[in-house]
Protein chains: 2
Amino acid sequence: MPTTRKTRRITIDDVARATGVSRQTVSRAINNKTEIDPETRQRILEAARLMGYRPSRFARGLVRQDVTTLGLVIADVLNPFFPEVTAGVLKAAERREWQVVVYNTGSQRRKELAVVDMIAEQVDVCVAFLLHAEAINRAVDMSMPIVLLDKDGMNPSVPGVRIDFDAGVREGLGHLIDRGHRRIAMLDDEARISAAAPNPRREVYLELASRHGLPVDESWIEPAANSVAGGAAAMERLLEVHPDVTAVFAYNDLIAIGAQRTAVRRGLRVPDDCAFLGCDGLSLSELVEPPLTTLHIDKPRLGELAVEQAAQLVAGAEPHEVPDSVVRPELLLRGST
Amino acid sequence: MPTTRKTRRITIDDVARATGVSRQTVSRAINNKTEIDPETRQRILEAARLMGYRPSRFARGLVRQDVTTLGLVIADVLNPFFPEVTAGVLKAAERREWQVVVYNTGSQRRKELAVVDMIAEQVDVCVAFLLHAEAINRAVDMSMPIVLLDKDGMNPSVPGVRIDFDAGVREGLGHLIDRGHRRIAMLDDEARISAAAPNPRREVYLELASRHGLPVDESWIEPAANSVAGGAAAMERLLEVHPDVTAVFAYNDLIAIGAQRTAVRRGLRVPDDCAFLGCDGLSLSELVEPPLTTLHIDKPRLGELAVEQAAQLVAGAEPHEVPDSVVRPELLLRGST
DNA sequence: ATGAAAGCGCTAACAT
DNA sequence: ATGTTAGCGCTTTCAT
């Protein structure tokens, strides 16, 4: 049972009183200002330490307006895609001495909205992966400076990084088609579907299928939960409907890896019986057997670019003045195709 | 070239002036208080939106002392161990409506110290993975309430979660010895070595080696950078010195996976020619070939326990009054042994 | 080298 | 339903 002592906060005045100096002198001591007697400083610092004094960040922030806090909104820390993006965000933030507050949404509508409300109150600017247009609009409505990770097809008045899936997926699927694949299925992201968010990966898939006259229709698109287990389960369902599938294009690497595992477990040879094409290029994807062919995205760079745009907003630029950045996926040919 | 307009902040007074009401009425409107005419509220809200007004979190925090910010200090977002811990931390923080600020140290002494200085100014309490005793002591010195992730052997006056490697490693190495392995090497973490941090994994390894009369000495311990590539490189070096090694115990799964890849690439059969035992149980480790035998740690729980201890500190408990938590690794037998 | 006064932007408590 | 008065804890500016 934790004791809930309401231990009143120790303030700079307490320290001043205890050391018999004025508040300002204490302030000088703890802020390493020059105009102060070295001995006085020592005495004050010592007393402050003993008393457990810690300056209030709020009081400080109020007067010196120099601390910038960035909100980073991601869907799921457990999907390696986000830690990789986060690495870039942290790096860029560190350079600027910005604080980074992280929020997880699970891509659920309710949580995305709740997180937007939260960040609106707590941060100066934010970089966000948001699937629900409603959540994005809410942020804009609250005058929250926001930069989108994966802005493709989203609210055009909000700056963001565009991942050029169009070119990438065209190249990736072209590769499968060149290899003679016709019965190519897609494992899509069910969260994106249920959020009714723009989905270039799916659109390009359908467009190419039609252009090349592939014998596939929407029944060849199976929604998957965004995880290895989700990909594995989706592949089971797909094989029920289309046991003759020869290649699978997955929404991302996690889903592709799960699907490939199902295939292997079922005794299919990869890539001979069924090939797999992932998307996003997790470092994990070269560790599985066979290593996954994937559309690699430079995720740290994605994060850095977003922070750079955020910096423009902080500097006073209007959202429409901040040009979108673009990241282009790169086809990494490996053993799964 | 971003425009650096110094656009003065819009305050509640600006909104009040623009709408011809008092500051307090604006406050009521934006905080959804009851005692206000619905029409007035609408008018104010509309004006605030148009003006792009956003309440200052500092001013607010100063007066309503109800926002808690937790600093989460990790070594490396790219090591899946930390995202998994982070998942637990975020979950526990969300329940309490705490903000979580993340800092990456790379386990470098300089950065650990810099991060401690930073968090001391910016957060109310922190949960940290710190290798350098100096950094921990600095936090204590600054009266920073802190909880350690992996506190084993660290400053006993600081609360933390203890991972019971002693029992775990005993069981894991016991398993290898039972299988008849004698020439068991260890791939240690070079960052921990250079920080001169306590290392129960290594100690137990040496103790068991001596107790069971294994034909190994310190030359059988090879330091590895904390990554798959690091593990791979360390294994190369190990094989130079001890080509007759039959089992490898790695500091963690990332290193084990890299080492195992080197073995496979060299044509060794795993586990017949060389077995691999990891430590920490990343979800990744069951995706590699062969799946890795490992000492699984419930990392989300580790994070949650730490936050619970942090909550006690926030509630006013003295560090020495907060009992350590313990997480016990569990041996997961898989294909690599 | 130190102190006094002013004020950062907001909300709580008390008027009206 | 709205306005007024006091701070929250700190740093800045200006005295001394």
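Chain identifiers are assigned alphabetically (A, B, ...) following the order of the sequence lines, protein sequences preceding nucleic acid strands; residue numbering begins at 1 within each chain.
- Side-chain atoms of A/Val161 and A/Asp324, non-hydrogen and from C-beta on, never get closer than 4.5 Å to each other.
- The minimum heavy-atom distance linking B/Phe82 with B/Asp76 is given by the pair CD1-O, 3.3 Å.
- Nearer the 5' end of DNA chain D, as judged by each residue's closest nucleotide, is the contact made by B/Glu35, out of B/Ala59 and B/Glu35.
- Following rounding to the nearest Å, A/Gln122 (CD) and C/dC10 (C1') show an atom-to-atom distance of 14 Å.
- Rounded to whole Å, atom P of C/dC10 lies 16 Å from atom CG of B/Asp66.
- The shortest distance between side-chain heavy atoms of A/Leu70 and A/Val101 does not fall below 4.5 Å.
- Consecutive pairing runs in DNA chain C reach the stem threshold at C:1-16 with D:1-16, where a stem means at least three Watson-Crick or G-U wobble pairs with distances under 3.5 Å.
- Heavy-atom minimum distance, B/Ala310 versus B/Val127: CB-CG2, 4.2 Å.
- Of all the residues in residues 15-23 of chain A, A/Arg23 reach under 4.0 Å from DNA chain D with at least one non-hydrogen atom.
- Remark: B/Thr11 is not in phosphate contact with C/dC8, judged by side-chain N or O atoms under 4.0 Å from OP1 or OP2.
- Counting only distance, with no hydrogens or angles, the side chain of B/Ser27 and the backbone of B/Arg23 share no donor-acceptor pair below 3.5 Å.
- If you take CZ on B/Arg95 and CD on B/Glu308, they are separated by 6.5 Å, rounding to the nearest 0.5 Å.
- Within the structure, every pair that satisfies the side chain to side chain donor-acceptor pair (under 3.5 Å) test and touches residues 61-73 of chain B, not counting sequence neighbours, is listed here: A/Arg57-B/Thr69.
- To the nearest angstrom, P of C/dT11 lies 12 Å from CG of A/Leu62.
- In 5' to 3' order, the nucleotides of DNA chain D bounding all contacts with chain B (an atom under 4.0 Å from a heavy atom) are D/dA1 to D/dG9.
- The environment of B/Arg301 atom CZ is sparse: at most 12 non-hydrogen atoms of other residues, nucleotides or ligands sit within 6.0 angstrom.
- Between atom OG of residue A/Ser143 and atom CZ of residue B/Arg49 there is a gap of 7.5 Å, rounded to the nearest 0.5 Å.
- Heavy-atom contacts from other residues, nucleotides or ligands closer than 6.0 Å to CZ of B/Arg41 number more than 12.
- Here the CD1 atom belonging to A/Ile163 is positioned 10.5 Å from the CG atom belonging to A/Asp298, to the nearest 0.5 angstrom.
- Going from atom CZ of B/Phe58 over to atom P of C/dG9 covers 12 Å, rounded to whole Å.
- Between A/Ile119 and A/Val73 the shortest side-chain heavy-atom distance falls below 4.5 Å.
- Between the CZ atom of B/Arg9 and the P atom of C/dC10 there is a distance of 6 Å, rounded to whole Å.
- Shown are A/Ile44, A/Ile30, A/Leu45; of these, the side-chain contact (heavy atoms from CB on, under 4.5 Å) with A/Tyr53 is made only by A/Ile30.
- Ion pairing between B/Glu121 and A/Arg54 fails under the 4.0 Å rule for side-chain N and carboxylate O.
- Under 4.0 Å is where a charged nitrogen must lie from a carboxylate oxygen, and between A/Arg138 and A/Glu112 no such pair does.
- Take the nearest nucleotide of DNA chain D for A/Asn31 and for B/Pro38: the residue whose nucleotide is more 5' is B/Pro38.
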Pairs under 3.5 angstrom, nitrogen or oxygen only, protein versus nucleotides 12-14 of chain C, please.
unit_1	atom_1	unit_2	atom_2	d
C/dA12	N6	B/Gln24	NE2	2.4

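- Near-neighbour residues of DNA chain C inside residues 41-57 of chain A, defined by a heavy atom below 4.0 Å, are absent.
- Atoms CD1 and CG, on B/Ile74 and B/Leu149 in that order, are 9.5 Å from each other to the nearest 0.5 Å.
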